[in-house]
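Sequence positions, counted from 1, serve as the residue numbers for this chain. Keep in mind that the numbers below use all heavy atoms, side chains included, and drop hydrogens, waters and symmetry copies.
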Amino acid sequence: MTAVEQRFREFKMPDVGEGLTEAEILKWFVAPGDTVTDGQVVCEVETAKAAVELPIPFDGVVHELRFDEGTTVDVGTPIISVDTDPGAGEAAPQAAPAAGEAVAEAPAAAPESEEKEGRQANLVGYGAAPASTKRRPRKPLPSAQRPAPAPSAAAPAPQAPAPAPAPAPARPEAAPELNGSGRSARPLAKPPVRKLAKDLGIDLETVTPSGADGIITREDVHAAAEAVQAARETPVAAPATAAQGRERRVPVKGVRKATAQAMVNSAFTAPHVTEFVTVDVTRTMKLVSELKQDPELAGLRVNPLLLVAKALLVAIRRNPDINATWDEGNQEIVYKDYVNLGIAAATPRGLIVPNIKDADAKTLPELASALGELVSTAREGRTSPAEMSGGTITITNVGVFGIDAGTPIINPGESAILAFGAVKLQPWVHKGEVKPRQVTTLALSFDHRLVDGELGSKVLADVAAVLERPKRLITWA
């Protein structure tokens, strides 16, 4: 590694979640020339789970931002280059233009240049980021007369470039591998780009590369896919023109893409069963009003959802087998002796399900505090991936939208989800008379592989019983 390469350090896109493979750069907080320090946040990225701020792990001056805002980048790809020794002077950059001097600076340059004549091997290894600084001197190399001045530049060392042109005939020899357009029969692209092309059904040989040295980028593949789609829609071009200005197309990515995939996987993997119960929650609504005046809960979020959560935790304590997951790989049912209670939250980026860790061990004030923080963080778009992982059972509050009930899809990795409908004043038979009462509908979806009808019914009935007579929060605790 040369002194220049040691001086410029690259910060790679980290895996900020659990095995995530890519993230979109939402916003840069620095620009080339800015000074950065260890731990300083340089950008905000959105993964399939949340928006996360990335701190840089070293000091220096920003040399280059590798990607624009809005670009999706694979984990492990350099996203920013930093000059860690800006006071080192300009000697190294001045030496770079001279091909002979570059070889003298790094004797290993000759073998590296030979490898890069093959390029394919370099790409299979995802390419070394420093190679980008060595491609630039290669662009004038197409003029075969260039090796002549190389020997006069230095005595023994410059002879190394002499073998470098030798592989040059390898390209003419590889002429049979060239296609009709003069490009390599095997297009140059990194493995992630090849996978993207395969997923989109794009033949890389039909893609025009825009990257350095003819390398096909993700943007090139997406552009080709859009062109194919446009061609398919050509027969209906006239009606489409009339509709322009009245339709919007938004790429499916980030949280919404992950949610869609997770819901499809859940719906077509776990056999869902949903049961409903309508319950008189007048006493619960009265208790909510009283708790709002309790000094012990001052400043905390107290609402019907809080008591629904507490009721579900009581039901789980009475029926612990509902708190489990199906392990398909090991053909096992994993029973959890803790409850990480998920709360489905609608955010500008889509639906997310952060969870309250060890919710079953919390007191009512502690649960109220945790619930309030969870909702506030989700609305601000600051929920971390850790807060959305490890959930064991979920509540979705569709009642806030005025919806009576629904058939919710189980969150992947869990066995059940409870939907809490709108609370409405309805005529209800109470103590032998028809009276106006506060009524709601609860719906419980569960994975029928490990939760049978009896267990699911018991859990739903217990939740309803607690909400009908909330004193059971004490007697059943």
Let me check something: any side-chain donor-acceptor pairs from residues 451-461 under 3.5 Å, sequence neighbours excluded? List them with distances.
from, atom 1, to, atom 2, distance (Å)
D452, OD1, E454, N, 3.3
D452, OD1, L455, N, 2.9
E454, OE2, K458, NZ, 3.3
S457, OG, E275, OE1, 2.9
S457, OG, E275, OE2, 3.0
S457, OG, G453, O, 2.7

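- Partners of R218 according to the salt bridge (charged side-chain N to carboxylate O under 4.0 Å, His left out) rule, which considers only residues two or more places apart in sequence or in another chain, are E22, D74.
- By the side chain to side chain contact (heavy atoms under 4.5 Å, CB included) test, V434 is found to be paired with P427, V429, residues two or more places apart in sequence or in another chain being considered.
- Of the charged side-chain nitrogens involved, at least one lies within less than 4.0 Å of a carboxylate oxygen, so that E44 and R382 count as a salt-bridged pair.
- Listed by chain and number, the residues in a salt bridge (charged side-chain N to carboxylate O under 4.0 Å, His left out) with D83 are R7 (sequence neighbours excluded).
- With sequence neighbours excluded, no residue forms a side-chain hydrogen bond (donor to acceptor under 3.5 Å, both in side chains) with T284.
- Contacts classified as side chain to side chain donor-acceptor pair (under 3.5 Å) and involving residues 305-319 (residues at least two apart or in different chains) are given here: R318-D462, N319-D462.
- Among residue pairs with one or both ends in residues 464-477, none qualify as salt bridge (Lys or Arg N to Asp or Glu O under 4.0 Å); sequence neighbours excluded.
- Counted by atom type alone, S415 and D447 present zero donor-acceptor pairs between their side chains at under 3.5 Å.
- Here L442 contributes atom CG and F420 contributes atom CZ; the two are 7.0 Å apart, rounded to the nearest 0.5 Å.
- Ion pairing of E10 with R66 is present here, as a side-chain N (NZ or NE/NH1/NH2) and a carboxylate O approach within less than 4.0 Å.
- A distance of 5.5 Å separates CZ in F67 from OG1 in T77, rounded to the nearest 0.5 Å.
- By the salt bridge (charged side-chain N to carboxylate O under 4.0 Å, His left out) test, D280 pairs with R437, sequence neighbours left out.
- The two residues L196 and H222 have their closest heavy-atom pair at CD2-NE2, 3.7 Å.
- With sequence neighbours excluded, the residues satisfying side chain to side chain contact (heavy atoms under 4.5 Å, CB included) with P365 are L297, L300, T363.
- The 12-atom threshold is exceeded at CD of E290, counting heavy atoms of other residues, nucleotides or ligands nearer than 6.0 Å.
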Show me the side-chain donor-acceptor pairs of residues 329-337 shorter than 3.5 Å, one per line, residues at least two apart or across chains.
from, atom 1, to, atom 2, distance (Å)
N330, ND2, D327, OD2, 2.9
Q331, NE2, E328, O, 3.0
Q331, NE2, E328, OE2, 3.2

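- For E373, there are no salt bridge (charged side-chain N to carboxylate O under 4.0 Å, His left out) partners at least two apart in sequence or on another chain.
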Can you give the donor-acceptor pairs under 3.5 Å from side chains of residues 393-407 to other protein atoms, not counting sequence neighbours?
from, atom 1, to, atom 2, distance (Å)
T394, OG1, E414, OE1, 2.7
T394, OG1, E414, OE2, 3.3
N397, OD1, G399, N, 3.3
D404, OD1, K424, NZ, 2.9

